[in-house]
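Since the model is a prediction, treat every value here as computed from it, not as a measurement.
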Amino acid sequence: MQDTYTPDGKQLLVGTVHHITFKNESNCYTVAEVKTDKELVTVVGIFPFLHEGDRVEFLGNYTVHPTYGQQFSAEAFEKKVPENAAAILRYLSAGAVKGIGPATAAKIVEKFGAEALDVIQNRPMELTCIKGITAEKAMTFSEEYKQQYGIRDIMLLLSKYKVSPDRCLGIYRRFGERAVDIIKSNPYVLCEEGIDFSFETAEDIAADFDFERDSELRVAAGLEYVLRKNLANGHTCLPREKFIAVSCKLLECKESTVEICCDKLIEALRISCKVISGKEYLSIPTYHSAEQHIAARLLSVKRYVNSSVTVDELEIQNVENRLHISFEELQRRAIFEAFDSGILVLTGGPGTGKTTTLNAIIKLFESRNLEIELAAPTGRAAKRMTELTGREAKTIHRLLEVEWGEGEERRFSRNEKNPLNCDVIIVDEASMIDALLFDDLLKALRLSCRIILVGDSDQLPSIGAGNVLGDILASEAFPSIRLKKVFRQAMQSKIISNAHAIINNSEADFSAKDSDCFFLPRHDRYSAVETVVQLIAERLPAAYGVNPLSSVQILCPSRMLDTGTVNLNNLLQERLNPHKKGQQQMFFKGFYLRVGDKVMQIKNNYDLQYLKDNGEYGNGVFNGDVGYITEIDMRGGILKARFDDRVVTYFSEDLGQLELAYAVTVHKSQGSEYDYVILPLLDVPSKLKYRNLLYTAVTRAKKMLIIVGERSVWDEMAANDRKTLRYTMLKTFIEEGARSEMG
């Protein structure tokens with residue numbers, strides 16, 4: 001067959017759908033047998049509303065599948081409208097329009113002939129002259145038919161911008177049959193939350209429609225885009241002058257134009273404004289409301305604590321006797337505060353007795369038959385909390401019973417109307433909780449519920465926007481106990497002593513030969529990378545019998561450069577899990593995924609389905625979860641990965657949410673602990689050379705920490721006490737609320 005090529009080298013394949021071999025109803029990934037003029041071709045891709053009998057033009061390229069042989073992988077497609085009565089009858093009889101079967105199709109074509117499809121689309125009420133077709137049915141047929149061509153029109157409109165069919169499907173689900181008209185009138189709607197096109201892509205589309213650069217629609221979208229973009233940097237708000245400057249640079253507009261549009265957005269409540277110390281701070285309303293509610297709710301809990309629940313010295317002594325320990329002064333204070341206050345923040349570094357204190361508090365609350373819930377932001381942190389306390393701990397998402405939603409949308413069945421039935425909630429790794437998640441947690445708690453936040457304030461702040469633990473501590477409005485004494489047994493660990501050396505700005509010690517903390521000097525990138533690979537692939541398994549995948553984790557300050565996660569993951573995959581002949585693998589955005597690979601979920605997804613080992617189904621995989629690929633079905637576009645006790649199913653369009661995880665960034669390691677940690681410190685970007693990042697990396701190691709690189713980089717990071725700057729409003733809201741209560 002003679003193929004037709006487009007200017008960019010893509011091939012056009014035209015034929016009739018002979019048979020649909022496979023179709024995933026949730027994402028429309030389809031395997032179809034298509035009959036061309038000369039042969040039968042297997043075509044794969046995202047094809048919404050594709051039916052047997054459709055005449056279709058596919059755009060893509062031929063590929064060779066290792067199992068199924070040659071097939072045509074389509075990036076876009078266009079269904080051709082049947083042009084005569086016979087073709088329309090075949091089309092409708094094949095079930096192309098839901099509700100119209102062969103008998104009804106024959107009646108419609110007999111009555112309207114070649115105009116049948118035009119009647120269905122544009123004059124559906126004429127169908128009611130056919131016996132058995134009511135007005136309601138006629139409108140249903142019309143809406144179903146319009147859906148198919150609505151998605152086709154979106155694909156045709158956006159194909160030149162390399163927008164994938166699955167994203168087109170998402171746009172249609174958001175805007176319906178008016179999607180094309182909406183995009184043409186305002187391409188910048190594609191930047192909205194939930195669609196999340198880059199502003200640059202929207203600019204390309206707008207340029208083709210001769211959109212005015214000073215258009216208020218364009219400027220407004222740019223302003224909201226800047227605020228959403230900075231959520232990824234942890235900021236829940238931005239100072240107005242900084243916000244305007246960044247927006248002017250992005251939009252290449254006059255400052256006066258941006259200022260005027262900004263004021264209109266504030267007036268329309270699309271941007272929130274808060275004056276702090278005489279300066280305006282601007283934010284997305286959702287985050288403004290969340291931080292405002294957090295402050296009000298925490299102050300209310302503090303005010304309404306049940307003062308009848310108390311503890312005395314004798315009870316604490318009894319706990320000491322049972323646990324065969326003696327609490328130091330700050331631990332005793334923490335126990336008393338847990339009873340005297342509605343809110344307690346318990347912080348401290350490794351080895352300072354947080355877990356011991358927490359277990360004592362739990363036992364004392366249990367003795368009063370109080371309902372206690374334990375929670376943590378991540379699955380790994382919840383599992384570790386369970387191991388340390390002997391009580392089940394849940395992720396916050398599981399505790400709040402997250403429900404299915406579209407994309408990033410999350411809904412919790414536990415909320416103000418359906419609160420948790422607990423008297424005390426203890427949340428570990430509180431430094432990891434972002435503003436929106438903490439707001440959702442507070443909404444699900446009764447006002448009488450005591451709140452104990454446990455964490456290490458010297459670690460990095462949350463990946464999501466906000467600085468919840470830091471702002472609560474900085475407000476000084478709630479009782480907080482920072483445990484400082486490192487117990488003698490803990491000090492025997494050089495990991496722990498060196499972690500405290502970082503915080504205390506004192507000299508780290510790597511001199512001991514039988515230590516759990518080693519520094520291997522390497523002064524060039526090649527030798528550093530080679531050492532890291534040898535350690536995980538050969539030296540540690542040989543010396544300690546450890547599994548290099550499950551027991552050893554490489555933590556990198558950065559993704560980039562030779563000792564960053566991208567390069568190390570590629571090298572380690574080839575060393576630890578090389579491709580085998582006949583083995584299926586998926587290629588996505590520059591790297592392969594294979595069965596056995598260690599992977600990390602890099603964004604929250606509340607609708608990915610999992611199956612637990614006990615047969616229970618559920619939904620939701622979260623940013624930072626680490627698992628292993630167990631199955632790949634390229635023909636079906638399906639990948640399965642195991643995360644602890646559950647297996648998650650991914651489809652082709654979900655693969656952008658997975659990354660190789662032989663090496664992960666320090667930021668992504670928050671809330672996790674690993675038996676053996678390898679930390680490359682050589683070509684670290686200057687903006688990442690700071691104390692909190694180094695401290696977080698060191699405190700992830702339980703049994704052994706090996707640093708590979710230059711000692712000067714360690715010293716520079718340890719000396720730099722620059723906190724990660726985050727613009728937030730929570731501290732201000734708490735302070736204002738506390739002052740208001742005092743009159």
Tell me, yes or no, whether the heavy-atom count around [X] atom [atom1], taken from other residues, nucleotides or ligands under 6.0 Å, exceeds 12.
| X | atom1 | value |
| --- | --- | --- |
| Glu255 | CD | no |
| Glu200 | CD | yes |
| Lys229 | NZ | no |
| Lys184 | NZ | no |
| Arg178 | CZ | no |
| Lys264 | NZ | no |

Listed partners of Phe211 passing ring-ring contact (aromatic ring centres under 6.0 Å, His included), at least two apart: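 Phe211 satisfies ring-ring contact (aromatic ring centres under 6.0 Å, His included) with Tyr188 only.
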
Please test Thr104 against Lys107 for side chain to side chain contact (heavy atoms under 4.5 Å, CB included), starting from the C-alpha separation and ending with a verdict. CA-CA 5 Å; Thr104 305; Lys107 292 177 184 178; 5.5 Å; no

So do [Y] and [X] actually touch side chain to side chain, heavy atoms under 4.5 Å?
| X | Y | value |
| --- | --- | --- |
| Glu291 | Ser283 | no |
| Met586 | Ile629 | no |
| Phe22 | Asp633 | no |
| Phe175 | Val189 | yes |
| Val226 | Leu238 | yes |
| Glu144 | Phe141 | no |
| His293 | Lys443 | yes |
| Glu280 | Phe243 | no |

So Tyr650 and Val621, side chain to side chain contact (heavy atoms under 4.5 Å, CB included) or not? Walk me through it. CA-CA 11 Å; Tyr650 290 83; Val621 189; 3.9 Å; yes

Between the side chain of [X] and the main-chain N/O of [Y], is any donor-acceptor distance below 3.5 Å?
| X | Y | value |
| --- | --- | --- |
| Ser289 | Thr286 | no |
| Asn614 | Glu616 | yes |
| Thr630 | Lys640 | yes |
| Glu33 | Thr21 | no |
| Ser142 | Gln121 | yes |
| Asn230 | Asn233 | no |

Rounded to the nearest 0.5 Å, what separation is found between the [atom1] atom of [X] and the [atom2] atom of [Y]?
| X | Y | atom1 | atom2 | result |
| --- | --- | --- | --- | --- |
| His18 | Ile20 | NE2 | CD1 | 11.5 Å |
| Ile100 | Ser93 | CD1 | OG | 9.5 Å |
| Ile120 | Glu115 | CD1 | CD | 12.0 Å |
| Phe47 | Asp54 | CZ | CG | 11.5 Å |
| Leu282 | Ile271 | CG | CD1 | 6.0 Å |
| Leu231 | Ile284 | CG | CD1 | 4.5 Å |

Search all heavy atoms of [X] against all heavy atoms of [Y] and return the closest pair with its distance.
| X | Y | value |
| --- | --- | --- |
| Ala290 | Ala435 | CB-O, 4.4 Å |
| Gly379 | Asp625 | N-OD1, 4.4 Å |
| Ala105 | Leu92 | CB-CB, 3.6 Å |
| Val41 | Glu39 | CG2-CG, 3.8 Å |
| Cys129 | Phe112 | SG-CZ, 4.1 Å |
| Leu250 | Gly222 | CD2-O, 4.0 Å |

Who pairs with Ala220 by side-chain contact (heavy atoms from CB on, under 4.5 Å), at least two apart in sequence or on another chain?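 By the side-chain contact (heavy atoms from CB on, under 4.5 Å) rule, Ala220 matches Cys261, Leu265, Arg270.
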
Using only heavy-atom distances, determine whether the side chains of Glu401 and Ser413 contain a donor-acceptor pair under 3.5 Å.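 Indeed, the side chains of Glu401 and Ser413 share at least one donor-acceptor pair under 3.5 Å.
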
Take the angle between the ring planes of His397 and Phe412 and call it parallel below 30°, perpendicular above 60°, tilted in between.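 If you compare the ring of His397 with that of Phe412, the planes turn out tilted.
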
The test is side chain to side chain contact (heavy atoms under 4.5 Å, CB included); show your working for Phe622 and Val402 and say whether it passes. CA-CA 11 Å; Phe622 306 109; Val402 66; 4.2 Å; yes

With side chain to side chain contact (heavy atoms under 4.5 Å, CB included) as the test, would you mind laying out the steps for Tyr287 and Leu227 before giving the verdict? CA-CA 11 Å; Tyr287 284 83; Leu227 285 175; over 6 Å; no

Test salt bridge (Lys or Arg N to Asp or Glu O under 4.0 Å) applied to Asp263 - qualifying residues, sequence neighbours left out: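 Result, salt bridge (Lys or Arg N to Asp or Glu O under 4.0 Å) vs Asp263: Arg240.
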
Salt bridge (charged side-chain N to carboxylate O under 4.0 Å, His left out) with Arg218: which of Glu203, Glu224, Glu252, Glu212?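 When salt bridge (charged side-chain N to carboxylate O under 4.0 Å, His left out) is applied between Arg218 and each of Glu203, Glu224, Glu252, Glu212, only Glu203 qualifies.
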
